[in-house]
Novice: 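I have a structure I would like to understand better, so I am pasting it below and will then ask my questions one at a time.
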Amino acid sequence: MTVPPMSMPKPMIVAIDGPAGSGKSTLARLLAARYGLAFLDTGLLYRAVARRLVDAGYRCDDPDAAVAAAGAITTADLESPHLRGEGIGNGASMVAAIPRLRAALLPVQRRLAAQGRGSVVAGRDIGSVVLPETPFKFFVTAGLEERARRRFEELRRRGEAPIFAQVMDELAERDRRDESRAIAPMAVAEGAIVVDTSAMDVKAALAAVVAEIERERVRETGSTITGQQP
Ligand code: DC
């Protein structure tokens with residue numbers, strides 16, 4: 001008698017796309033804890049490439065240097081405290097428009113996302129390009145002014161002296177670049193649920209997304225997921 005191979009449960013993937021300052025990373029981190037999944041912030045990959053280019057004196061629109069930098073990324077790069085600023089965010093948005101760089105990062109993201117029980121993956125093109133097969137897709141957004149206000153407060157908490165109009169202009173410019181690039185532009189993926197957090201606190205946004213995941217889960221398998229409470 002042949003024993004059938006033990007089937008591993010399919011990793012659960014939750015795709016969270018959306019613009020800068022929408023609260024998607026906070027939400028993704030809480031969701032990951034709620035369901036016992038890993039949190040993968042794909043923006044860090046683009047930021048790490050930009051960081052390497054800037055540090056080595058290259059332009060952020062240099063395809064050869066960007067692809068070489070992507071191949072050299074280590075875990076230490078992703079854990080660097082120097083990835084967070086708005087300057088590197090803009091650099092990341094520039095490298096993100098390079099088709100060869102996106103192609104190089106695609107298999108990396110898919111491999112990382114599928115490890116273990118699965119992941120909550122935050123980015124711009126996760127539901128549309130990187131992991132379009134997942135049934136759990138969200139586009140988290142908020143009005144430009146509200147996102148600028150959140151970013152402004154965050155910079156103030158870090159001890160910086162931001163200028164509100166400048167923060168808002170930079171966010172608008174980044175939105176424009178991320179939405180208008182020819183390859184994998186930021187967009188609401190087919191089948192994604194839009195969550196506008198303009199008038200929501202984090203708790204309300206988390207509850208809204210969890211409710212949708214549970215609804216989808218029932219539709220898919222007829223059962224609910226019992227995750228850990230945050
Ligand atoms: O999410 P973030 O602000 O850390 O992302 C920085 C930039 O990286 C963002 O402006 C566009 C790019 N990015 C992308 O093009 N695709 C992703 N999946 C994640 C980020």
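What you see below is based on every heavy atom in this structure, not just the backbone, and it leaves out hydrogens, waters and symmetry mates. Just so you know, ligand 1 is whichever comes first in the structure, and atom 1 is the first atom listed for that ligand.
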Novice: Salt bridge or not for Arg149 and Glu146, using N-O below 4.0 Å?
Specialist: yes

Novice: Near ligand 1, which residues have a heavy atom under 4.0 Å away from one of its atoms?
Specialist: Lys24, Thr42, Gly43, Tyr46, Arg47, Ala92, Ser93, Ala96, Arg102, Gly123, Arg124, Asp125, Ile126, Arg174, Asp178, Arg181

Novice: Any carboxylate oxygen within less than 4.0 angstrom of a Lys/Arg side-chain nitrogen, looking at Lys137 and Asp17?
Specialist: no

Novice: By salt bridge (Lys or Arg N to Asp or Glu O under 4.0 Å), which residues pair with Asp125, not counting sequence neighbours?
Specialist: Arg102

Novice: With a 4.0 Å cut-off on N to O distance, would you call Asp61 and Arg59 a salt bridge?
Specialist: yes

Novice: When you check the gap from the basic side-chain N to the acidic O, do Arg217 and Glu214 get nearer than 4.0 Å?
Specialist: no

Novice: Is the shortest side-chain N to carboxylate O distance from Arg150 to Glu153 below 4.0 Å?
Specialist: no

